[in-house]
K.L.:
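I am attaching a structure below and will ask some questions about it afterwards.
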Amino acid sequence: MENNEYAVFFEAENLSDAELRQMQKYFKIRRRSGGGECEINKVGDNTYKISFMEQQAQERVLERKDHIIKIEGQEDIHVSLRCESVAESSKQSQESPNQKCASAKNMEKVFKLDHYLLRFLNECKNPHSDLESHLSMISSTFKINVDSEELVVVKDPATEDVYSLMKWEFAVDEALEALKSRYIIHFEVESDRFAILEENSFLQSDNLKIYFEKLTCLAVVVGERKEVEKMLTFISGLQDKQQVQKECCVSEKQFHLIKEEFETYIKSNLPALKITQERTCVLLKGPEKEVHAGENELLKLAKGIKEKRIPSHRPLMTFLESSGGIQHFQNRFQQSLRSPVMLETSGSDLLLLSLSDGALEEASAAVQRDLCLETVRLENVQKSSAFTKLKDDLSEAVKQANHRSVKVELKYQDESTPDPKVQLVGYTPEVSKLKNIVLEYKRNHQIHHVSLPLPSPEMVEHFSEILAIGGIKKSSVEIKPTSSPSPCVHLTGPRCEVETLKDSLESCFQSLVTKRCEVKGPGVQQVFQSEGARIFQRVKNSHLVGILPIDDKQKRGKVPKYMSSLSVPFTSASTQDSLDSDKAIDINVVVGSLEQQRADVFVAPMIQTNMTSTLIGSSLLSKAGQQLQNNFNNAKGNNKLKPGEVLEVYATPALGCSKVFFVECAPKGNKHNSEKALRSGLRRVFELCKQKSCGSVALPVIGPGIVLSVPVKDSVNILTHEICEFLSGPTGCLDTICIAIMANYAHSEEMFQTVCGNLSAKMVDNTGKALFQSLTSDLDEIIMPVDGIELHLVFGDITNETTDAIVNTTDFKDFKTAGVCKDILTKAGPQIQAQLTDVQVASGKIFTTPPGGFPCKTILHVCGERKPDVIKTLAKEIVVQCEHGFYRSVAIPAICAGQGGLAPNVVAKSILEGVKEGVQGANLQRLKIIRIILLKINVFLAFKETAKQIFGSNTQLKAPAPLVLTSATTRGRSAASIRHSGSTRSSRSHSLPLPVTLDLSSLVTSLPDTESTAAFLVIGHTEDDVSNACRDLQQAYQDQCSTHSFFPDEIERLTPEEMGQLLSKVKSLHLQIEQSSSEQWVVKGQRDGVNEVVRLIQDALRRQVREKDQTFLFSQVTWCILPPQGIWQKLPIDVNYKLEKRDVKDGIEDAQGKKWTVDLQNMKATSCDSGQVTALKRLENPSDFSVPVYWDNMSQSDLLKVIALDPSSKEFQIVKMGFKTTVNKTVLKIERIQNMNLRRLYEGRKIELENRNDPLVGAGEKMLYHGTSEASCSSIMKSNFNRNFAGQNATVYGHGTYFAVNASYSADPTYSVPAADGTQLMFVARVLTGYYTQGQGNMKTPPVRAAPDLYDSVVDNIQNPSMFVVFHDCQAYPDYLITFK
């Protein structure tokens, strides 16, 4: 419309044609939008222009500014109109044409309002009253003129002074704006919705009116906004119920062909039908009759569409879809063909649609002519920089071709394979152009091979240097030099580049100068191997040459000659490690039978070569099956082993081992022979373990059974002695020793305590070195954190405890029967026992007494009544009373598990549950430690298992925990090297011994000739450059060499081991050592190697001085530490030296490698790992005697010290255990006797017997007992046992000093004479028994054993001694004094 010049504008995104038609319809209807005749055009990206024919229509739509256009089935369109020809500021200042300004004269203002709104205000009471109320508030009234569409607001003249004209006008404008905002007008032009409104006119109310225009089918709804919206929603719902919807299977492209004809038909015949185009169908919506009619017409038109399918390829279809090619062809066919043609993709085919067969044929020919797909193979074409350039060229060509639109696409296929491809797809001219580029590349870059001979074989390995010297740059040609079958270089690559490179190389070889250069001297090869890169680079840079090492095969194949008279082994570090393959040994003491264990080797005893002659052998056979007996018989054959021999038998899969070593033992009858055979057998077992490279061995304590009948203590002493003897030397691959102890054996507790005690005492030898890595057991103390307190399970004796509170279990009647109750009350004293006599204690209650003489703060006496519920109640009450009594710790026995007779698991469950109930949730503030003390192994194991069930996984091992090596010296080698070599350790050097007198001259002649030659091929551009480079190579070698002279005495002071290291260095570093005319020894060779030899000799001299100082100090002063096992250990010799020199700022390491910080002022050490604090002590040794490690320090003037042992110490417990094994009396006190003179004489006698006797017998040191009286006690401690007093208690076996094997014998009042208070005294003595024989009453000395040697002692029964008699005063030493009652 050319006359539509009154325009407004709005912004919107991507409006469809259908949406624009709906909007134009909306703005043409004055009653809906306020507009009139108009048209809408797009004038910018998102800008649209509405051109009205009349200015009033423009002004009316601008008055509302914001419009909402409702479109069926879509979201509402919101537009905001603007008039660009008028500035915003101007619009704000101008008056609306719908308003007439109020004049000062008549004080009224006229508003132009919609005809229907004025009717609504005039006819409806509520809106009329609402407007009247708002205007009355500003002293105004109004008049409505529907015909002129005016609302006149009149101001009351009486209020002229209240409101100024401007304020009044502003207030009136606000009131009218509020009116327009509250009440809206909706124009409904759709016929079906008009009909619905007519049928439902009852929807009108005081706040909503509907006006019907019959002629134009227009319905106008006026009312409050909410009411109008509610009504329109209701109408839409009714409309949806009356309409149907139908999907017609006509594609978008098909519909495009018939759209115009179909829409014309619909407009004329089915105006209520709405059409929505989907991608795959057409959606018809409207009255059911019209929908069916529209569907029939649409399908009828669709049948007239012709199709033509063009078979193609998927890449072409993809190209058409992505490049807009389909639209391109459709536009082209729209212009060039009479009938439109549409294109669709169908899989890998192209589908053409049209209403004309002729148009289809023309379009098909055009498509097949103009589209093209080409795939070009690049086989045998090297992928090099040229290939990259090809990619760049193709990329640029594609870019140019697609400058305006996408004409061609390119894709590389199988790039990672030897046969890559280029795929080109697009319009034929562009594809042809790119294809020509690829074919040109193929012609120029086909792979070509050529070989070129090399002048020298050395050039093969260093060909890159030849290229650099010749100035030949890298290219895409593959260069592969080779020496087989002859020196040459293979060139592979694009033909043009290969030929060019070949010409360059031939020219280069002809122009270069080459010369062979030889440098001779000791270690010359090593000099150029270590410093070659730096030397070569300097010479190359100086003379612009290449230096190629020559590999002289003849010299390389020469084998150095060694003289057969060589007496010093040259053991390198790696060789030494291979010889010294000892492992750090872990010893595990387990509770259980041998057949339950797992190890490489089991050890079992036997008699008369009969596997089942012992219970252990029978148990193994029972588990292993008959095959073990067969293996045993095969190994034995017809042989009968002698006592002390070992039979090696293969195990069966049922056993947890590979082999069983059966030890032939001597039958009971002659104890001396039995012990000798057992020692010999165990020694042979460990030797076999080393020879057979066994990693682990499991064995029982052999001897105490009914077959052999060796006393427990002697059996354990033999086993632990042989283990320690074995560990003092090389042990091969053995790393674990497992000692199995049966739980229910009569002497299990004694056996376990003795094994652990003996091994703990031997863990570190007299030089401060660890014999083994760790000692662990199944009975190690267990700690369980429970609600802020620690619950301990301890295998031990409650009478050794020092907690604040001690629990005594009693029936409050019998205080005399031997047991824990008697021991506690005896130590507490008669006053405490008197308080318990006749006392009445209710069930589940505790009777408390003072401690008396017992080392605690209180004693809690309880009676379990053999009832689990009573025991549980008592356990809980013990916790409560200790908390109320402010006691920090308490020790509880296994109530009723001993004499009470209850099963251990029942007692464990009752006590642990009672403790748990007493602790959990109680928030204990004072009580922190509860120790449950368990005397029997089976009881401890029951508590351990029950604790896991009750407290879960909170249990943790406390002590003695395994000690893990860090970097300490362990039996001859640092732990750092141990870790490096897989936990290997060394007891001593395993190299062959060297002669005492070393002939260095003969040793030197045995060394290989280190004079060698390094040959090079020097390549350069001129003769001068090459010659100067050869000269500089000779000088570079000389600069790296040096010589050093040693005086003969410096060499002579080296130990054989250090001499071996010296010669090993000379050999490994390729040095020369020779004697000069001045008798000095001269070392020549590489400077670093010579310096290493110099350092080695100087370090050896310094080490000798240092070790001499350390050894001398170690003989004078011994520093000791108290480890978790509770038995004093010597610290290593170097740590001893540091402590004495107070050099402890970096801490110390004990024999196991555990690190400690040291407080010398308080003689304390703190573990760096756990924070555990332990004691240190310093012992001063006389010049001729080393003080025992378990002694307290004594000055030179202290000839005698009597030390009372702490009942909680391990030393006290071990001595007490030996006593209590056979005596039921109560130990009140144990004192250690430290007599310097007596011990010196005793140790001297011990050394004498060890040197004189067979190693299997040795000094035969035993811990024996000697009862005494109070009168004799002091004399014995001062001057030892005196043979002159023999006869006081009979001399049945000779006139000597008598010692009992069992304490029970010496505890007899005849020997341990009771004092006035009933206490008795007994010495625990160290006795050297050596070789012994049967004693006689008339003997004053032992009889002759083998002239001139005598026996060392006599016994009461040579088959099974219970009494030993010695005739030498220095052959016994009173070690401890036990006071008991």
Side-chain angles (χ1 to χ4, degrees), residues 517-543 545 547-552 555-556 558 560 568 570-576 1000-1001 1003-1018 1027-1054 1057-1104:
C517 174
E518 291 186 354
V519 183
K520 298 182 178 181
V524 66
Q525 293 281 0
Q526 286 66 39
V527 169
F528 283 107
Q529 285 174 7
S530 60
E531 297 291 330
R534 184 179 60 80
I535 294 172
F536 294 159
Q537 192 61 47
R538 177 169 56 80
V539 176
K540 289 176 185 178
N541 293 341
S542 299
H543 304 291
V545 297
I547 304 172
L548 312 183
I550 296 176
D551 186 6
D552 195 326
K555 290 190 176 183
R556 186 178 62 195
K558 185 178 179 181
V568 178
F570 300 101
T571 53
S572 65
S574 60
T575 307
Q576 183 67 26
L1000 186 59
S1001 299
L1003 296 177
V1004 168
T1005 59
S1006 67
L1007 291 171
D1009 184 10
T1010 57
E1011 181 81 21
S1012 59
T1013 300
F1016 307 97
L1017 183 67
V1018 183
S1027 299
N1028 291 336
C1030 293
R1031 182 196 66 226
D1032 285 359
L1033 287 174
Q1034 295 280 357
Q1035 187 60 44
Y1037 166 68
Q1038 296 299 328
D1039 292 343
Q1040 293 295 318
C1041 295
S1042 67
T1043 62
H1044 193 90
S1045 300
F1046 299 99
F1047 290 101
D1049 61 338
E1050 292 182 274
I1051 303 295
E1052 291 168 0
R1053 280 185 284 186
L1054 298 178
E1057 182 181 0
E1058 290 166 341
M1059 180 65 77
Q1061 293 176 359
L1062 169 63
L1063 297 180
S1064 179
K1065 286 280 187 188
V1066 171
K1067 177 191 173 186
S1068 62
L1069 299 175
H1070 304 274
L1071 305 176
Q1072 264 189 355
I1073 183 169
E1074 59 188 12
Q1075 201 165 17
S1076 67
S1077 58
S1078 59
E1079 299 300 319
Q1080 290 184 332
W1081 288 97
V1082 180
V1083 179
K1084 300 178 181 178
Q1086 191 175 358
R1087 182 186 297 108
D1088 292 343
V1090 172
N1091 291 341
E1092 278 197 48
V1093 171
V1094 172
R1095 282 195 299 270
L1096 187 149
I1097 293 177
Q1098 292 174 348
D1099 290 347
L1101 295 177
R1102 282 193 292 267
R1103 184 168 58 255
Q1104 291 172 29

K.L.:
Flag the pair Tyr1037 / Ile535 as yes when at least one side-chain heavy-atom distance between them is below 4.5 Å, and no otherwise.
P.N.:
no

K.L.:
Looking only at heavy atoms, which two atoms of Lys1084 and Val1090 are closest? And how far apart?
P.N.:
C-CG2, 3.9 Å

K.L.:
First locate atom CZ of Arg1031, then atom NE2 of His543, and finally report the distance between them rounded to the nearest 0.5 Å.
P.N.:
5.5 Å

K.L.:
Just how far is it from atom OG of Ser1027 to atom CG of Asp1032, taken to the nearest 0.5 Å?
P.N.:
11.0 Å

K.L.:
Taking His1044 as the fixed residue, which of Leu1071, Val1094, Val1093 is the one that meets the side chain to side chain contact (heavy atoms under 4.5 Å, CB included) rule?
P.N.:
Val1094

K.L.:
Once you round to the nearest 0.5 Å, how far does CG of Asp1039 lie from CZ of Arg1087?
P.N.:
7.0 Å

K.L.:
Cys517 and side chain to side chain contact (heavy atoms under 4.5 Å, CB included): which partner among Ile550, Val1018, Leu1017, Ile547?
P.N.:
Val1018

K.L.:
Could you tell me whether the side chain of Gln1040 and the main chain of Gln1035 form a donor-acceptor pair under 3.5 Å?
P.N.:
no

K.L.:
Starting at CG of Leu1033, measure out to CD of Glu518 and round the result to the nearest 0.5 Å.
P.N.:
12.5 Å

